[in-house]
Number of protein chains: 2
Amino acid sequence: MIRATIIGSGNVAQHLIHAFKKSNGIELSQVFSRQKESLSHLVEDSKIINDHSQFLEADIYIIAVSDSAVAEVSSSLPFENRLVVHTSGSVPLSELHPKNRRGVFYPLQTFTKNKEVDFSTLPICMESEFDDDYTILENVAEAIGSKHYLISSDQRKSLHVAAVFVNNFTNHLYQIGKEICAEHQLPFEILKPLIAETANKVQHLSPLEAQTGPAKRNDLNTIQAHLALLTDNTQKEIYKILTHSIQQSNVKKL
Amino acid sequence: MIRATIIGSGNVAQHLIHAFKKSNGIELSQVFSRQKESLSHLVEDSKIINDHSQFLEADIYIIAVSDSAVAEVSSSLPFENRLVVHTSGSVPLSELHPKNRRGVFYPLQTFTKNKEVDFSTLPICMESEFDDDYTILENVAEAIGSKHYLISSDQRKSLHVAAVFVNNFTNHLYQIGKEICAEHQLPFEILKPLIAETANKVQHLSPLEAQTGPAKRNDLNTIQAHLALLTDNTQKEIYKILTHSIQQSNVKKL
């Protein structure tokens, strides 16, 4: 059994706690949290600690706090030479305090409070200072059924940018779709099957093969008609630059 | 039984043929196509026609051809006062020739060749010149198990713009994600669960509630770091305008 201690009580912390409890091979040793109450539905009271003096020895300490707090939390830990990892997409390994053996265990997914995560389809981006520790990370990922990838801190930075495009920005395009619908008394419901199928398509096809639409066809009449219909200037700018970018991809492909 | 004739042999035509054959209540009367071969796997030879003199009487004629050909195809039809509809998102009803009773039967989905479409989750946007014809359209939609919505030509234009945002542009953001991955020796695979879950989330949450990321948090350090990492100028511009637009939504919400 791998003894794991989680530091934090937010979204990622809670999903990891849930996954560890269901896992084959991980014993949830302790959870460090200033807010005991937010965890009471998940963890027995005796395992929740909020004082540095209460830490027991564990095989891995997982810091699941906001990006900006990772460095400080890691330096405040009252022990040395143990495996300490964080779960952030944008914080380099080097921001962890070097008194401990450092690593990263970044689950690349968007977590929703109270919605179960399918860890079997979840990629974990991992790295460690020492080879032996990487084996521990592999064992943790496998115990919760997740795929894992060795990703360096530099690569992870770029991966995080890519994730912003396919998650944050994509979600905002859904929002714009919803706003256009609202403006014309159309139910947003009507777009949901299209949203689902668009994401589904690139699970098997490359996005370049899956691309359709007026920009791809270079259908300038439709593009002009669409721009004339948009009343919001920011939406117009987004339409223009994305159309331009799709047209550039057409040319690159040739 | 509703006797339906399809005019066209492309993606939409083929998916409709397939759905009609499986339907309860629609009899595929004929398919008009210049390219008989492309349909031979779907339709018995005797039902495929390529000459205007061969049209039999049907309850509905569905023109499923490219947007720019709809008007011409509809005026070339050798009969009058029958129900003729097109399947396009961007062509107004009025582009159909008025010698027939006009309507629109627009399935709002992205079709992939050789990949079965789930018609039970597919919204059909419909309108008709005459009330009785709308009942026929409802019966056709219900016979293939689809949801249907009364959408005017004007609304449909805006809906098509919204569809470009949530489908064409979203797919292009996937493409950019893939390009960033390739540039840093990262497998695109790693983003696929995130893409799936992002689309999944807004099936139940509003996009505004689902929004996360540096723009939403107004995390200017991360935004600057991301812009510094992007090497492609168009990608930088897309990052900036979408970040700006998310920040505007934050303000609008207040």
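Since we're looking at a predicted model, the values are computed, not measured. Quick note on labels: first sequence line is chain A, next is B, and so on, each numbered from 1.
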Under 4.5 Å from a heavy atom of chain A, the part of [X] involved:
{"X": "B:Pro187", "answer": "side chain"}
{"X": "B:Val164", "answer": "side chain"}
{"X": "B:Asn171", "answer": "both"}
{"X": "B:Ile176", "answer": "side chain"}
{"X": "B:Leu159", "answer": "both"}

Among side-chain atoms of [X] and [Y], is any donor-acceptor pair under 3.5 angstrom?
{"X": "B:Glu183", "Y": "B:Thr231", "value": "yes"}
{"X": "B:Ser245", "Y": "A:His172", "value": "yes"}
{"X": "A:Ser249", "Y": "B:Gln175", "value": "no"}

Tell me, please, which residues at least two apart from A:Lys240 pass salt bridge (charged side-chain N to carboxylate O under 4.0 Å, His left out).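 A:Glu237.
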Quick one: list whatever passes salt bridge (charged side-chain N to carboxylate O under 4.0 Å, His left out) with B:Glu189, sequence neighbours left out.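 Counting only residues at least two positions away or on another chain, B:Glu189 forms a salt bridge (charged side-chain N to carboxylate O under 4.0 Å, His left out) with B:Lys192.
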Note: vs chain B, highest number of non-hydrogen pairs under 4.5 angstrom among A:Ile151, A:Ile180, A:Val166 is A:Val166
What option among A:Asp154, A:Ile195, A:Asp232 has the most heavy-atom pairs under 4.5 Å with chain B? A:Ile195
Between the side chain of [X] and the main-chain N/O of [Y], is any donor-acceptor distance below 3.5 Å?
{"X": "A:Glu209", "Y": "A:Ser206", "answer": "yes"}
{"X": "B:His86", "Y": "B:Ser88", "answer": "yes"}
{"X": "B:Arg156", "Y": "B:Val104", "answer": "no"}
{"X": "A:Lys216", "Y": "A:Gln211", "answer": "no"}
{"X": "A:Gln109", "Y": "B:Pro193", "answer": "yes"}
{"X": "A:Gln35", "Y": "A:Ser9", "answer": "no"}

From B:Phe165 atom CZ to A:His226 atom NE2, the distance as rounded to the nearest 0.5 Å: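 It is 9.5 Å, given to the nearest 0.5 Å.
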One thing to verify: whether A:Lys115 and B:Glu197 come together as a salt bridge, which I'm taking to mean a side-chain N less than 4.0 angstrom from a carboxylate O. yes
Chain A: which of [options] shares the most heavy-atom pairs with it under 4.5 Å?
{"options": "B:His160, B:His244, B:Lys157, B:Gln185", "answer": "B:His160"}
{"options": "B:Ala210, B:Ala215, B:Ala225", "answer": "B:Ala210"}
{"options": "B:Ser68, B:Gly89, B:Ala163, B:Ser90", "answer": "B:Ala163"}
{"options": "B:Lys178, B:Lys201, B:Glu179", "answer": "B:Lys201"}
{"options": "B:Asp67, B:Asn167, B:Asn221", "answer": "B:Asn167"}
{"options": "B:Leu230, B:Leu194, B:Leu205, B:Leu191", "answer": "B:Leu194"}

With a 4.5 angstrom heavy-atom cut-off, is it the side chain or the backbone of A:Leu229 that approaches chain B, or both, or neither? side chain
Residue part contacting chain B, namely of A:Ser152, when any heavy atom lies under 4.5 Å: neither
Only heavy atoms, only distances under 4.5 angstrom. Which residues in residues 116-129 of chain A are near chain B? A:Thr121, A:Pro123, A:Cys125
Could you name the residues of residues 134-149 of chain A that have a heavy atom within less than 4.5 Å of a heavy atom in chain B?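 Those residues of residues 134-149 of chain A which have a heavy atom under 4.5 Å from chain B are A:Tyr149.
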Non-hydrogen side-chain atoms of B:His97 and B:Arg102 separated by less than 4.5 Å: no
Side-chain touch B:Thr198/A:Phe169, heavy atoms, less than 4.5 angstrom: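 Not touching, per the 4.5 Å side-chain cut-off.
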In sequence, state the C-alpha distance, the side-chain angles, and the governing distance for A:Gln248 and B:Thr234, and then conclude on side-chain hydrogen bond (donor to acceptor under 3.5 Å, both in side chains). CA-CA 9 Å; A:Gln248 276 189 325; B:Thr234 306; 2.9 Å; yes
Steps toward ring-ring contact (aromatic ring centres under 6.0 Å, His included) verdict (B:Phe188, B:Tyr174): CA-CA 9 Å; B:Phe188 178 54; B:Tyr174 302 158; 7.7 Å; no
